[in-house]
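Just below is one structure, and these are the notes that go with it.
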Amino acid sequence: MTNNSRLSITPLSPFNFEFTAASHGWVDLSPNTWDEGQHALQRIERLSTGQVVLLSITGADSIHRPEISVEVHYVGRLLPKERREITAIVSRMFRADEDLSEFYTLCKKRGKRWARLTAGLGRLLRSPSVFEDVVKTICTTNIQWGGTKGIINRLVTTYGEPYPADPAWRAFPTPQAIASVSFKAFADSVRAGYRSEYIHTLAKRVVAGELDLEALANSDLPTPDLKKQLLGIKGVGNYAAATLLMLLSRYDELGVDTVFREFVHETYFDGKHPADKEAQAVYEDWGEWKYLAYWFDIWQHWSGK
DNA sequence: GTCCAGGTCGCGC
DNA sequence: GCGCGACATGGA
């Protein structure tokens, strides 16, 4: 028997809920799911009190008053501080407070296809915690997307806390849950290849207090210093660091990987393969907004929009 | 069976 | 600072 409670969040305008939900692959990674019928992003969340809830998140994109609605399903009661925590979680996931007006100004200057982004596109979905974003990012390196989904599924199924009303559904595992099992047991169950060690070590460092990942979310360090900290995480190299910087709202670094190289080569260099430096120069004009410019450049290319 | 994936590490120079 | 092989796992 579950109880329901509804929360409402007013994001900065302009805002586009469905586009943000589907802005990159994170919506497909457990415990996130997309309900096509309800147009809702759903996920199980373990709150810091230990309460495990089901969130069903929907949005209305009125230009004048956009709104994110969160239907919370839970067993027992929901404390006021738990409601506040959920509000903070969903705000972070959808970047409700992120001001992209500078980026939009640049888009308008470019005109044509870029101007379309100013209708609230540009927010890229992220996880409630930096820990979850780091683990997921590590699991996107040197692997195909299907492999990433498999690893994250096994991680959630094996170590996530069950939702009491339906124990088959689980939250993303806490660092504690991962750190408390032996490396061998962890590696055998998650089957993440050599990444298992990176994830297990990361969880142990977080639990030991050696690494305060969540502090990075509010850090005012310059991007190069923040990047250095990210590179200090085993399994995070240049590409993963740039992806994580994006997830920390720093867009001045491009994530150079095979997809980036291939896209820039095909789109901007006729025939010849540019060096990475030359390829990155394509987005130099975008300054602090390079990552978003690249991301929506390739998005428009893929989607034909 | 073989190759390699939205790379990264650790080494040697 | 740069080049290079090794790296687990599973899908193509």
Side-chain angles (χ1 to χ4, degrees), chain A residues 22-30 32 124-127 131-159 178 181-205 210-211 213 224 226-248 250-269 273-280 282-283 290-303:
Chain A
S23 54
H24 65 132
W26 264 207
V27 70
D28 291 327
L29 292 181
S30 187
N32 292 337
L124 278 69
L125 189 72
R126 52 189 180 184
S127 303
F131 176 71
E132 182 176 331
D133 275 338
V134 173
V135 170
K136 286 180 170 174
T137 299
I138 287 174
C139 293
T140 63
T141 59
N142 196 26
I143 196 171
Q144 300 185 121
W145 186 242
T148 301
K149 288 207 282 190
I151 293 171
I152 301 299
N153 262 329
R154 292 189 289 275
L155 200 51
V156 169
T157 308
T158 315
Y159 299 105
I178 295 172
V181 296
S182 73
F183 171 67
K184 187 175 186 324
F186 179 74
D188 288 349
S189 55
V190 172
R191 302 203 303 282
Y194 60 84
R195 300 169 201 82
S196 297
E197 192 186 337
Y198 300 152
I199 299 167
H200 196 248
T201 302
L202 176 72
K204 285 200 292 190
R205 288 181 67 196
E210 286 172 39
L211 186 61
L213 283 181
L226 202 50
K227 186 178 183 188
K228 259 182 221 160
Q229 294 212 20
L230 294 168
L231 290 172
I233 300 170
K234 273 280 192 67
V236 174
N238 201 55
Y239 160 75
T243 303
L244 285 165
L245 286 172
M246 171 278 280
L247 292 165
L248 295 168
R250 311 294 182 102
Y251 305 113
D252 40 337
E253 288 256 355
L254 289 160
V256 176
D257 62 2
T258 52
V259 176
F260 174 84
R261 293 191 183 97
E262 175 67 11
F263 172 70
V264 173
H265 160 64
E266 294 227 319
T267 311
Y268 297 102
F269 294 84
H273 285 270
D276 284 353
K277 212 175 161 186
E278 207 182 341
Q280 291 181 75
V282 167
Y283 297 99
K290 294 185 193 74
Y291 194 106
L292 288 184
Y294 158 62
W295 188 255
F296 291 101
D297 204 10
I298 197 168
W299 173 75
Q300 292 187 337
H301 177 79
W302 279 339
S303 66

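As a basis for the values below, the full set of heavy atoms in this structure was taken, side chains included, without hydrogen atoms, waters or symmetry mates. None of these values were measured; they are calculated from a predicted model. Reminder, nothing fancy here: chain letters follow the sequence lines and each chain counts from 1.
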Heteroatom pairs (N/O) under 3.5 angstrom, protein to nucleotides 9-13 of chain B:
{"from": "B/dC9", "atom 1": "OP1", "to": "A/Gly235", "atom 2": "N", "distance (Å)": "2.9"}
{"from": "B/dG10", "atom 1": "OP1", "to": "A/Lys234", "atom 2": "NZ", "distance (Å)": "3.2"}

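Comparing B/dG6 with C/dA6, their P atoms sit 22 Å apart, to the nearest whole Å. A distance of about 14 Å separates the P atoms of B/dC11 and C/dA8, rounded to the whole Å.
At whole-Å resolution of the value, CG in A/Asn142 and P in B/dA5 are 8 Å apart. A/Arg191 has its CZ atom 9 Å from the C1' atom of C/dT9, to the nearest Å. Straight-line distance from the OH atom of A/Tyr194 to the P atom of C/dA8: 9 Å, rounded to whole Å. Taking atom CG on A/Leu244 and atom P on B/dG7, their separation rounds to 15 Å, with Å as the unit. Here C/dA8 presents its P atom at 15 Å from CZ of A/Phe186, a figure rounded to the nearest Å. Regarding A/His301, its NE2 atom lies at a distance of 15 Å from the P atom of B/dG6, rounded to whole Å. With rounding to whole Å, A/Arg154 atom CZ is found 8 Å from C/dT9 atom C1'. Going from atom CG of A/Asn153 over to atom C1' of C/dG10 covers 14 Å, rounded to whole Å.
Rounding to the nearest 0.5 angstrom, the gap separating the CZ atom in A/Arg250 from the NZ atom in A/Lys227 is 13.0 Å. Here the CZ atom belonging to A/Phe186 is positioned 6.5 Å from the OH atom belonging to A/Tyr159, to the nearest 0.5 angstrom. Atom CG of A/Leu230 is separated from atom CD of A/Glu253 by 10.0 Å, given to the nearest 0.5 angstrom. Between the CZ atom of A/Arg195 and the CD1 atom of A/Ile138 there is a distance of 10.0 Å, given to the nearest 0.5 Å.
Under the 30°/60° scheme for interplanar angles, the aromatic rings of A/His273 and A/His265 are found to lie parallel. Taking the six-membered ring for Trp and thresholds of 30 and 60 degrees, A/Tyr291 and A/Trp295 have nearly parallel ring planes, at less than 30 degrees apart.
Across the interface with DNA chain C, nearest-nucleotide mapping of A/Arg195 and A/Gln144 shows A/Arg195 to be the residue nearer the 5′ end.
In this structure, A/Ala240 reaches the sugar-phosphate backbone alone: every heavy-atom distance under 4.0 Å involves primed, P, OP1 or OP2 atoms, never a base.
Screening A/Asp133, A/Thr137, A/Asn32 for a side-chain hydrogen bond (donor to acceptor under 3.5 Å, both in side chains) involving A/Trp26 leaves a single residue, A/Asp133.
Side-chain nitrogen and oxygen atoms of A/Thr258 include none within less than 4.0 Å of the OP1 or OP2 phosphate oxygen of B/dA5.
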